[in-house]
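Structure first, then comments.
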Amino acid sequence: LLLAAAAAIGTAATYSAPAAAQVAGIATSSTEGVFFRAAARTAAYQQIQTQYAAQIQQIGTVRNEIQTLVKSLDTNNDNQLSDAERRAKPAVMTQSQQKEQELNTLAAPISLAQAYALDQIAREYDAARQQVVTAKRIQLMLSPDAIQWGPPTVDVTNDIITALNTRRPTVPIAVPAGWQPSQQIVQLHQTIQQISLAAAQQQAAQAQQPAATTPAQPAQQPPRPTGR
């Protein structure tokens with residue numbers, strides 16, 4: 001997840017719909033989408049990726065070691081570990097658990113820095129949303145999944161992103177001593193990680209698609225000479 005979060009950055013064109021485009025003062029917005037696509041989050045995560053590059057590389061190495069250990073336990077190759085398979089090699093299970101602890105230790109400062117960045121963005125989110133609400137005279141804001149259908153202009157997620165980017169274009173990533181995220185920030189961080197992973201998987205699938213679907217082009221024939 002940490003590697004996906006570092007690599008996947010959501011990009012989308014922004015637009016600003018006129019106030020009259022709202023349907024009877026009703027609009028929708030995706031809170032998670034705003035945070036994921038906020039310029040401050042993108043920049044902060046890139047800085048964290050650079051600052052913790054060695055740890056991120058080590059995380060990848062440890063994760064591969066865990067996968068190798070787990071594969072050695074999966075004697076029937078069904079990609080699942082039964083209780084019998086776990087009991088069969090207790091030493092390997094212990095080693096795998098130790099590697100998991102090592103992985104968590106390596107990931108902890110990275111996750112904390114990401115959560116701190118999200119916390120700083122969250123401090124401006126309400127004001128950015130209210131700015132859009134006032135400008136567009138919105139009386140009711142819903143999440144996108146709360147309605148079955150609506151015109152594209154009913155969604156003001158991009159407008160909130162624009163307002164947030166103006167109010168807080170960057171955030172610090174240096175975590176103060178003793179700082180701990182609230183439960184809301186922890187949940188938001190987990191959601192952003194899931195979105196990042198899904199985006200990375202989608203990008204990987206799209207990158208492989210042309211090679212799998214594009215037919216081979218016939219070799220071009222040299223031009224025939226004209227005249228005698």
Side-chain angles (χ1 to χ4, degrees), residues 1-46 111 114-171 181-215:
L1 288 178
L2 290 169
L3 297 177
I9 300 172
T11 57
T14 60
Y15 65 89
S16 179
Q22 307 310 314
V23 180
I26 299 176
T28 65
S29 70
S30 169
T31 301
E32 296 82 2
V34 170
F35 277 86
F36 179 71
R37 292 164 50 202
R41 187 208 68 84
T42 298
Y45 273 44
Q46 288 175 339
S111 296
Q114 291 173 340
Y116 181 70
L118 293 175
D119 179 79
Q120 301 307 298
I121 298 171
R123 295 175 185 273
E124 290 289 343
Y125 172 76
D126 287 344
R129 181 180 58 185
Q130 186 58 45
Q131 179 179 330
V132 175
V133 168
T134 301
K136 294 184 174 294
R137 301 176 183 177
I138 298 171
Q139 298 179 7
L140 180 63
M141 183 83 75
L142 301 173
S143 61
D145 57 359
I147 61 174
Q148 292 184 349
W149 181 88
T153 51
V154 78
D155 181 35
V156 296
T157 299
N158 288 330
D159 300 274
I160 299 176
I161 293 172
T162 300
L164 185 60
N165 289 347
T166 301
R167 301 181 68 94
R168 200 68 191 267
T170 60
V171 292
S182 65
Q183 186 59 37
Q184 289 181 333
I185 294 299
V186 170
Q187 293 176 352
L188 176 61
H189 178 257
Q190 293 174 348
T191 301
I192 295 299
Q193 297 292 82
Q194 293 170 358
I195 296 175
S196 298
L197 179 60
Q201 292 174 341
Q202 183 177 10
Q203 289 176 359
Q206 291 175 348
Q208 296 176 357
Q209 189 173 6
T213 59
T214 303

Minimum heavy-atom separation for [X] and [Y], please, with both atom names.
X: Arg168; Y: Gln120; result: NH1-O, 3.4 Å
X: Ala44; Y: Val171; result: CB-CG2, 3.9 Å
X: Ile185; Y: Ala115; result: CG2-O, 3.5 Å
X: Met141; Y: Ser29; result: SD-OG, 3.5 Å
X: Ile192; Y: Glu32; result: CD1-O, 3.9 Å
X: Pro181; Y: Val186; result: CG-CG2, 3.8 Å

For Asp145, all residues meeting salt bridge (charged side-chain N to carboxylate O under 4.0 Å, His left out), sequence neighbours excluded: none

Just wondering, do [Y] and [X] contact through their side chains at under 4.5 Å, heavy atoms?
X: Ile160; Y: Gln131; value: no
X: Leu142; Y: Ile26; value: yes
X: Arg37; Y: Asn158; value: yes

Backbone of [Y] reached by a side-chain donor or acceptor of [X] within 3.5 Å:
X: Thr157; Y: Ser30; answer: yes
X: Asn165; Y: Ala39; answer: yes
X: Arg41; Y: Phe36; answer: yes

For Thr31, check side-chain hydrogen bond (donor to acceptor under 3.5 Å, both in side chains) against everything at least two apart and list the hits. Tyr125

[atom2] on [Y] to [atom1] on [X], rounded to 0.5 Å:
X: Gln194; Y: His189; atom1: CD; atom2: NE2; value: 11.0 Å
X: Gln202; Y: Ile195; atom1: CD; atom2: CD1; value: 12.0 Å
X: Ile161; Y: Thr166; atom1: CD1; atom2: OG1; value: 11.5 Å

Would Leu118 and Tyr45 count as a side chain to side chain contact (heavy atoms under 4.5 Å, CB included) here? Give the steps. CA-CA 10 Å; Leu118 293 175; Tyr45 273 44; 3.7 Å; yes

Could you go through Thr42 and Gln46, starting from their C-alpha distance and side-chain angles, then the distance that decides it, and tell me whether this counts as side chain to side chain donor-acceptor pair (under 3.5 Å)? CA-CA 6 Å; Thr42 298; Gln46 288 175 339; over 6 Å; no

For Gln184, does the CD atom sit with more than 12 other heavy atoms under 6.0 Å from it, leaving out its own atoms? no

Between Thr191 and Gln187, is there a side-chain donor-acceptor contact under 3.5 Å, judged purely by atom types and distance? no

